[in-house]
Amino acid sequence: MTTTSGNKTAWKHEALYTALRAEIGEALRPHDPLPSERELVARFGVSRATVRQAVGRLEEEGLVYRAQGAGTFVADPATISKSLALTSFSEDMRSRRLTPDSRLLDLTLVPAGVAVARELSLSPGAEVAHVRRLRLADGLPMCVEEVWLPTERVGELDAALVSGSLYDVLAERGVRPHHADQVISATVVDADQAALLGVAAYSPALRVDRTTYDGTGVAVERAESIYRADRYDFRITVTRRTP
Ligand code: 16G
């Protein structure tokens, strides 16, 4: 009994989700409002919970976005919305059904230097692997990413290892990014970044500086990512404090 009704609910969810995805791809344009919850309940003969589940899934996939008090709208597919969960570039892209890829621009062992050493709590002379990559989504350049990793904490890296997900490589070595301090700021791209990203020099970009820590609070990565502002944004849920 329970299984049959469970299956029925799952089937209704899938049918509604598929119908909405099709509608988003065909009839609706970016920033158009999605039909209201009540309308969807009536049209598809499903419960409110099913509607919320299907719309929630579309939101997770970045296909729609919610505006507080105004409703749910079709997202602009040219923009990737990044939540503030600690995820990797590869995870972000895959969750949006895009294929992540990288072009390695530099992989060298260098002394940390004063600025990186301060972030990673190392001595300035300590060895770090410097990895600079162009990150792509479905073949389109999305971001230029530079990371500095303390070799004494994460081990040696080679080109083959950083061609895929760096966080997967770290996980295989038992290094698990747990939390990070991030600063997001506005910037413009220089000539080199512009050529890599396929935009004009001085185009707007989002710069994200991240220091990543493992579960014990030890810094394992310093990263600086420059994202094309026309293809990327950050989504933050803010909650009002109750007195
Ligand atoms: C994200 C991280 C970056 C990390 C990379 C790993 C931000 C701002 N930066 O781009 O610090 O090195 O993911 O991605 O989120 P990967 O596992 O796909 O190589």
Side-chain angles (χ1 to χ4, degrees), residues 60 62 79-110 112 115-122 128-151 153-189 193 196-197 204-215 217-237:
E60 268 168 34
T79 308
I80 301 295
S81 275
K82 164 99 174 80
S83 75
L84 287 192
L86 177 54
T87 49
S88 71
F89 180 85
S90 304
E91 288 166 337
D92 284 347
M93 296 308 127
R94 286 203 192 99
S95 71
R96 285 162 184 88
R97 297 175 190 216
L98 301 171
T99 307
D101 203 359
S102 296
R103 208 173 98 207
L104 183 61
L105 304 168
D106 185 40
L107 171 57
T108 37
L109 291 177
V110 292
V116 170
R118 193 174 43 226
E119 292 300 331
L120 295 176
S121 301
L122 292 172
V128 293
H130 173 240
V131 186
R132 187 165 185 251
R133 296 184 294 174
L134 176 67
R135 312 298 314 255
L136 307 125
D138 275 359
L140 287 177
M142 192 66 77
C143 125
V144 181
E145 192 173 78
E146 262 181 286
V147 304
W148 293 265
L149 303 136
T151 46
R153 293 175 195 159
V154 309
E156 301 275 332
L157 294 166
D158 61 33
L161 286 174
V162 296
S163 64
S165 167
L166 182 62
Y167 278 12
D168 283 354
V169 173
L170 295 186
E172 279 158 22
R173 295 176 176 190
V175 178
R176 290 177 204 288
H178 174 266
H179 60 279
D181 287 330
Q182 277 191 190
V183 177
I184 304 169
S185 50
T187 188
V188 293
V189 294
Q193 292 161 342
L196 291 166
L197 291 170
L206 286 170
R207 174 184 168 142
V208 186
D209 294 298
R210 174 187 274 198
T211 304
T212 315
Y213 303 88
D214 68 12
V218 172
V220 293
E221 172 197 47
R222 173 68 180 168
E224 178 196 304
S225 309
I226 306 286
Y227 293 94
R228 279 181 61 149
D230 58 343
R231 296 217 173 120
Y232 216 84
D233 64 21
F234 279 81
R235 186 175 305 181
I236 309 168
T237 301

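Atoms within each ligand, like the ligands themselves, are counted from 1 in listed order.
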Engineer: Which of parallel (below 30°), tilted (30 to 60°) and perpendicular (above 60°) describes Y227 and Y232?
Structural biologist: parallel
Engineer: Checking R173 side chain against V154 main chain: does a donor-acceptor pair fall under 3.5 Å?
Structural biologist: yes
Engineer: As a check for students: among E145, M93, R135, identify the option with a heavy atom nearest to atom 10 (O) of ligand 1.
Structural biologist: E145
Engineer: What residues, two or more places apart in sequence or in another chain, satisfy side-chain contact (heavy atoms from CB on, under 4.5 Å) together with D101?
Structural biologist: L136
Engineer: When rounded to the nearest 0.5 angstrom, what distance separates OG1 in T187 from CZ in R207?
Structural biologist: 6.5 Å
Engineer: Considering only heavy atoms, does Y227 approach ligand 1 within less than 4.0 Å through its side chain, its backbone, both, or neither?
Structural biologist: side chain
Engineer: Quick one: does ligand 1 sit under 4.0 Å from the side chain of L166, the backbone, both or neither, non-hydrogen atoms only?
Structural biologist: both
Engineer: Pick one: which of L157, V116, V162 meets side-chain contact (heavy atoms from CB on, under 4.5 Å) with L149?
Structural biologist: L157
Engineer: What pairs with T108 under side-chain contact (heavy atoms from CB on, under 4.5 Å), at least two apart in sequence or on another chain?
Structural biologist: D106, V110, H130
Engineer: What part of S90, side chain, backbone, both or neither, has a heavy atom within less than 4.0 angstrom of ligand 1?
Structural biologist: both
Engineer: Does an N or O anywhere in V147 fall below 3.5 Å from an N or O of ligand 1?
Structural biologist: no
Engineer: Have a look at R210, R133, R94, E91 and point out the one with the heavy atom closest to atom 19 (O) of ligand 1.
Structural biologist: R133
Engineer: Atom 9 (N) of ligand 1: which of S165, C143, S225 has the nearest heavy atom?
Structural biologist: S225
Engineer: Under 4.0 Å from any heavy atom of A223, which atoms of ligand 1 are there?
Structural biologist: 11 (O)
Engineer: Please list, in number order, the atoms of ligand 1 under 4.0 Å from a heavy atom of Y167.
Structural biologist: 4 (C), 6 (C), 11 (O), 12 (O), 17 (O)
Engineer: Mark up the atoms of ligand 1 that fall under 4.0 Å of a heavy atom belonging to V208, in ascending order.
Structural biologist: 8 (C)
Engineer: Rounded to the nearest 0.5 Å, how far does CZ of R153 lie from OG of S121?
Structural biologist: 6.5 Å
